[in-house]
Amino acid sequence: MSRWENVAEIRKSMKANNVVKMPGYSWLEVGNVVHKFRSGDRIHPDLASIHEKLKELETKMKLAGYVPNLEYALHDVEEELKEQLLLRHSEKLDVVFGLMKVPIGLPIRVFKNLRVCGDCHTAINIISAIERREIIVRDTTRFHHFKDGLCSCGDYWYVVKPC
Ligand code: ZN
Ligand code: ZN
């Protein structure tokens with residue numbers, strides 16, 4: 001691919017990212033049952049324990065240097081709420097559910113209907129390190145294989161609208 005074609009490709013994919021307005025959801029399979037979460041899910045029966053585990057993880061993540069990237073939160077809400085909404089993006093809920101249900105030693109495999117957002121990418125990276133779990137997120141463009149705080153995509157940074 002020539003340099004100019006490359007630039008055109010990048011522009012095209014940036015444009016595509018800007019028009020993504022679909023609601024974000026993701027899922028994982030535990031013991032042949034598919035568990036689906038929406039961002040800010042209110043339906044899954046285990047939400048109370050998931051939120052509890054999330055809170056506990058949030059403290060550990062912040063100690064490890066995690067700073068919520070509010071650019072990925074909805075814009076028309078108050079700062080404090082932004083952090084809470086960000087924490088409840090569907091792929092974070094899936095990962096936390098996976099931490100609770102997938103036997104230690106097995107990877108946690110999550111699928112996402114959109115591209116994983118930048119904040120979730122950072123958060124899942126940190127979670128893989130502090131919880132010592134292998135986490136694989138398949139989004140619409142690639143596999144992200146998180147292990148010991150590194151992702152197979154090389155932490156490639158991209159700009160995606162909130163999930
Ligand atoms: Zn996210
Ligand atoms: Zn990645």
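Values reported hereafter were calculated over all heavy atoms of this structure, with side chains retained and with hydrogens, waters and symmetry mates removed. Whatever order the structure lists ligands and atoms in, that order sets their numbers, starting from 1. For reference, positions follow the sequence shown, starting with 1.
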Are Phe97 and Phe37 an aromatic pair by the rule of ring centers under 6.0 Å? yes
To 10 degrees, how wide is the angle SG (Cys151) to the Zn ion (ligand 2) to SG (Cys153)? 110°
Assess, by modelled atom type and distance only, whether the side chains of Asn125 and Tyr66 contain a donor and an acceptor separated by less than 3.5 Å. no
To make sure I understand the geometry: which N, O or S atom in His89 is closest to the Zn ion (ligand 1)? ND1
SG (Cys117) - the Zn ion (ligand 1) - SG (Cys120) angle, nearest 10°: 120°
With a cutoff of under 4.5 Å between side-chain heavy atoms, which Ile, Leu, Val, Met, Phe, Trp and Tyr residues group with Val33? none
Do His35 and Glu29 get their side chains close enough for a donor-acceptor pair, meaning under 3.5 Å? no
For the Zn ion (ligand 2): the N/O/S atom of His144 at shortest distance: ND1
